[in-house]
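Per chain, numbering begins at 1; letters A, B, ... match sequence-line order.
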2 protein chains.
Amino acid sequence: MHTVDEIVEIMASQGLRITDQRKTLARLFADTAGYLTPKAIYEYMGKSYSGLSFDTVYRNLRVMEELGVLEQVMFEDGVKFKLHCKGHDHHHHMICLQCGHTLPVTFCPMNELDVPEKFQVVKHKFEVFGYCEQCGAQTGDEASKGKL
Amino acid sequence: MHTVDEIVEIMASQGLRITDQRKTLARLFADTAGYLTPKAIYEYMGKSYSGLSFDTVYRNLRVMEELGVLEQVMFEDGVKFKLHCKGHDHHHHMICLQCGHTLPVTFCPMNELDVPEKFQVVKHKFEVFGYCEQCGAQTGDEASKGKL
DNA sequence: TTCGATGCAAAGATTTTGCATTTCC
DNA sequence: GGAAATGCAAAATCTTTGCATCGAA
């Protein structure tokens, strides 16, 4: 996980200018333990910047992704972003369908998997979806209506 | 896996009309052991139907998905469809980055995973990406350029 | 014959790009 | 001061919807 300062430092070291907007973006991701949609990010940022445009948000998300600060993931309901997990040991995630928060999973199925020698593995994906403590308690039977 | 006749029968039993276009779609999926993009499907269908429109392809894909014949999956480069795996025991897939073909993986990591009791599991995803025998042999060093 | 399926056109939604203006360093 | 970042507008994708016509049952 990165702190605001670390993210800002990475951007500055690449020659990027540190605008207010980018600082706010960095703070948002540093404070968020999960996935955010571009729309949610735009709406959050819009609170602080009246003339904010969607394309600037996208541009900054792309820049931060290229720097390796953020990672982009496709879900059934669209693209989401979160802080990149680099710097940590290899792991996977349990993801809350309600709020998007994530919990690390240290177990990796690739250690157990018997791969046919004909298949040349490049990468893998292992994700567990469900409801976190807060959301599971709050929603009860409504839980199954989540749509991440 | 379904045969063309099984797919057609499922559609007919739901009151859907069996048009030539739908028969061709059924045959395409019955013959394809992997994922197809809407665009690839449209282009394939276009060979047989000159006035084909994209919206009809989409409509039929949605219908077949609702009937449980197809399943839709989001990849980094967009939505893809394949025959639904129902009727088989629970399994996962190894997916070729080049051609989209899939191989079944009977191992399920959820059997090994120690889930925190606070987290209420709904579903999971385990996918292995790489190159199948044919594509791995063909592409060699170029392999890493795939983009599924 | 009748209602569902199709093609066409247009609308939505999401993401990207060109360009003038503003702002950081 | 000069280059990068932003906002605005418009374009490019991808997907869906309304409606008149066509066609399967």
Check this for me: does any side-chain nitrogen of one of A:Lys123 and B:Glu76 sit under 4.0 Å from a carboxylate oxygen of the other?
yes
Nearest-Å distance, CE (A:Met74) to C1' (C:dT14)?
11 Å
Determine the contact category for A:Ser53: base if any of its heavy atoms lies under 4.0 Å from a base atom, sugar-phosphate if only primed atoms, P, OP1 or OP2 are that close, otherwise nothing.
base
Using whole Å, what does the distance between atom P of nucleotide C:dA9 and atom CZ of B:Phe54 come to?
17 Å
Looking at A:Thr56, I'd like to know whether one of its side-chain N or O atoms comes within less than 4.0 Å of OP1 or OP2 on D:dG7.
yes
Test for a donor-acceptor pair under 3.5 Å between the base of D:dA3 and the side chain of A:Arg17, counting only N and O atoms.
yes
Can you tell me how far apart CZ (B:Phe107) and CG (A:Asp114) are? Round to the nearest 0.5 Å.
10.5 Å
Residue pair B:Val57/A:Ile18 against DNA chain C: nearer the 5' end by closest nucleotide is B:Val57
Grab the NZ-C1' distance between A:Lys23 and C:dT23 for me, whole Å please.
13 Å
Whole-Å distance separating the CG atom of A:Asp77 from the P atom of C:dA13:
15 Å
Does the pair B:Asp55/B:Arg59 count as a salt bridge with the N-to-O cut at 4.0 Å?
yes
Do B:Arg59 side-chain and C:dG4 base share a donor-acceptor contact under 3.5 Å?
no
Would you check if B:Cys85 and B:Glu71 make a side-chain contact, meaning some heavy-atom pair closer than 4.5 Å?
yes
Rounded to whole Å, how long is the line connecting atom CE of B:Met45 with atom P of C:dA5?
14 Å
Hey, does the side chain of A:Thr19 come within less than 4.0 Å of C:dT23's phosphate (OP1/OP2), counting only N and O?
no
On the nucleotide D:dA5, are OP1 or OP2 found under 4.0 Å from the side-chain N or O atoms that A:Arg22 carries?
yes
Does B:Arg62 or B:Asp20 map to a spot on DNA chain D nearer the 5' end, using the closest nucleotide for each?
B:Arg62
Whole Å only: how far is the CG atom of B:Asn60 from the P atom of D:dT16?
13 Å
Has B:Gln21 got a side-chain N or O lying under 4.0 Å from the OP1 or OP2 atom of C:dG7?
yes
d(B:Glu43 CD, B:Thr37 OG1) to nearest 0.5 Å is 7.0 Å
Could you state the atom-to-atom distance from OH of A:Tyr42 to C1' of D:dT6 in whole Å?
13 Å
Determine whether a donor-acceptor pair (one donor, one acceptor, N or O, separation below 3.5 Å) exists between the side chain of A:Asp55 and the base of D:dA10.
no
Rounded to the nearest Å, what distance is computed from the CE atom of residue A:Met11 to the C1' atom of nucleotide D:dA5?
12 Å
